[in-house]
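Accompanying notes for the structure given below.
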2 protein chains.
Amino acid sequence: MTQTRRERLREVARTAVRDEIKAAAHRLMKTEGAAAVSLRAIARDLGMTAPALYRYYGSRDDLITALIVDAYTSQADWLQQACDMLAPDDHAGRLLMFGLVYREWSLAHPEDFALLYGTPIPGYHAPWEVTAPAAQRNMSIVLKLLDAAWQAGAITLAETYTRVPATFRRKLAEAAAAAGYDVPFSLLHFAMVAWGHLQGLISLELFGHLVLLGEQAGEVYRLEAEALVKCVGLKPSQRTYAILREFLQQQLRTGPVLN
Amino acid sequence: MTQTRRERLREVARTAVRDEIKAAAHRLMKTEGAAAVSLRAIARDLGMTAPALYRYYGSRDDLITALIVDAYTSQADWLQQACDMLAPDDHAGRLLMFGLVYREWSLAHPEDFALLYGTPIPGYHAPWEVTAPAAQRNMSIVLKLLDAAWQAGAITLAETYTRVPATFRRKLAEAAAAAGYDVPFSLLHFAMVAWGHLQGLISLELFGHLVLLGEQAGEVYRLEAEALVKCVGLKPSQRTYAILREFLQQQLRTGPVLN
DNA sequence: TCTGTAAGTTAACGGTGTTAACAGTTTATC
DNA sequence: GATAAACTGTTAACACCGTTAACTTACAGA
């Protein structure tokens, strides 16, 4: 099955071209907007003709799916790397870091954010079976964070997440089990709600609905992220911000190459 | 300047056609998805040719802008009407109702929601000066609600919104004043955050990121809406849900005609 | 050297937004 | 009532899009 080294070389070249195509698509998305990401434009950019791209991607939608998976991966990498800059037992720090980096990644990759959480490509519907695994990695990161803190007994959930209807508890526990998450249902509940809080603020900001707040949008978000940390009974530390700055500078250096 | 009755009749006919065009666009959006909303498809639907549409809308983007303004208006109508079904001094009820109806409208008009808060049309950028006033009406509704409760002394804001950096207070107060909102800065702060919370959950749900929660997404949202009401020191009442059901049935009867 | 495969090409189909030039009807004016 | 103007719609065309089919070209393996 694995062949002749010659064949493997060819495969390497193929994925190199595939990467070039994705890079061109990403470049166009960044400079001309999501609307300009057309197979013909990409081909022009690469000095090819459009039909040639079909040797590498079955269709425009396949290419977009690849871009989406890459975006999820980039996002997860940021989150994981940033959280890993803090001690494993610094639960408050890691949780706050997660929230803060979630916004930083979005601001640094607005087109990717739109690709994942808006619906910028008309007629495209993400194939669940391909994008869901990529998306789950992010969820896993935060759930692992929460679970670690939970195991360490560091978490005291606010009433909102403990005093809930019984059927809701049950159904949520079922959902968690079905998805293979081994965490208390209330943690899953909190994670979803927290995600919603952060997602909403970022989404509103990036799509231009918070112009009223101007520069203060970041401050609103920061307070929200800290509130969420407090919500599980943890105490956010200012030291986290210093490490965040360090992470961002590191990304600035290595970032632009392969986001 | 106002003319001859003849001219006014013509104007009426013109706006009637404009409405037909918007209706056709909306119909296509609902049945075939946002991708299918093309001038040619609309024209086909109306038994015309595409260039004829240019007599009524300067461009496709102008038409989309009109659809957006209509969507904002529909949303604001729902919110206003639903809140008005409760007594003016039922601050908790009105606030909870606002939150609940925000989701109900979104579920009932997913394409419009995407139009407002996603970015489903490629290459389209909403002209701020046209869409912002329409968008502000919704913000005004909730701010008026909050202010009424505030004036009545019914509101006790959680610490998150009172213990904030001094410069943040000042900048936010400036922003509020600049936008013509005569409310305490902390109310504006809370309104924005609350908006983010609700927006995030709806956005995640509608764009398919909460499939894990399944049916429970509604319950998560409900708990979140109640939490927000409690967050300003008000007590949500179960009676609100009965009135919500009443409102929704009323919308079901009159709704489909002109969304 | 011959052959098969892979990569890339051109040509074409049906779709899109948009413009220009033209026809038909209706309105206003002399 | 005839004539000019305004308005509403048409067709033809341009440049763009995703996609397919048929063809050329290079090149690795026998």
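Keep in mind that this is a model prediction, so the values were computed, not measured. Throughout, protein chains are lettered first and strands after them, A, B, ... in sequence-line order, and every chain is numbered starting at 1.
- Looking at A:Arg40, its side chain comes within 3.5 Å of the base of D:dG18 through a donor and an acceptor atom.
- The aromatic rings of B:His197 and A:His197 sit parallel, their planes meeting at an angle under 30°, below the 60° perpendicular limit.
- Comparing D:dT10, C:dT9, C:dG17 by their closest approach to the side chain of B:Ser38 singles out C:dG17.
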query = What's the verdict on side chain to side chain donor-acceptor pair (under 3.5 Å) for B:Gln136 and B:Tyr72, showing C-alpha distance, side-chain angles and the deciding distance?
reply = CA-CA 9 Å; B:Gln136 272 198 350; B:Tyr72 275 124; over 6 Å; no

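- Between C:dT18, D:dT8, D:dG9, one nucleotide has an atom nearer to the side chain of B:Ala52 than all others, and that is D:dG9.
- The ring of A:Phe247 has its center closer than 6.0 angstrom to the ring center of A:Trp78.
- Note: CE (B:Met48) to P (D:dT11) measures 13 Å, nearest angstrom.
- Using a 3.5 Å distance cut-off with no hydrogens or angles, the side chains of B:His125 and B:Asp61 do not pair a donor with an acceptor.
- With sequence neighbours left out, A:Glu219 forms a salt bridge (charged side-chain N to carboxylate O under 4.0 Å, His left out) with A:Arg222.
- Separating the CD1 atom of A:Ile42 from the C1' atom of D:dT19 is a distance of 14 Å, rounded to the nearest angstrom.
- Regarding A:Arg14, its CZ atom lies at a distance of 9 Å from the P atom of C:dA6, rounded to whole Å.
- For B:Leu46 and D:dG9, the CG to C1' distance is 13 Å, given to the nearest whole Å.
- Contact annotation: A:Tyr54 side-chain N/O to D:dT20 OP1/OP2 distance is not under 4.0 Å.
- Between the CZ atom of A:Arg55 and the P atom of C:dA7 there is a distance of 7 Å, given to the nearest Å.
- Following rounding to the nearest Å, B:Tyr124 (OH) and C:dT16 (C1') show an atom-to-atom distance of 18 Å.
- Protein atom CZ of B:Arg10 is 10 Å distant from nucleotide atom P of C:dT27, rounded to whole Å.
- Listed nucleotides D:dT10, D:dC17, C:dG17 differ in distance to A:Arg44; the shortest reach to its side chain belongs to D:dC17.
- With C:dT16, C:dG8, C:dG17 as the candidates, the nucleotide lying closest to the side chain of B:Arg60 is C:dG17.
- Look at B:Thr49 and you'll find a side-chain N or O under 4.0 angstrom from OP1 or OP2 of D:dT10.
- Within 4.0 Å of B:Tyr56, counting heavy atoms only, lie sugar-phosphate atoms of the nucleic acid but no base atom.
- The distance between atom CG of B:Leu53 and atom C1' of C:dG17, rounded to the nearest whole Å, is 11 Å.
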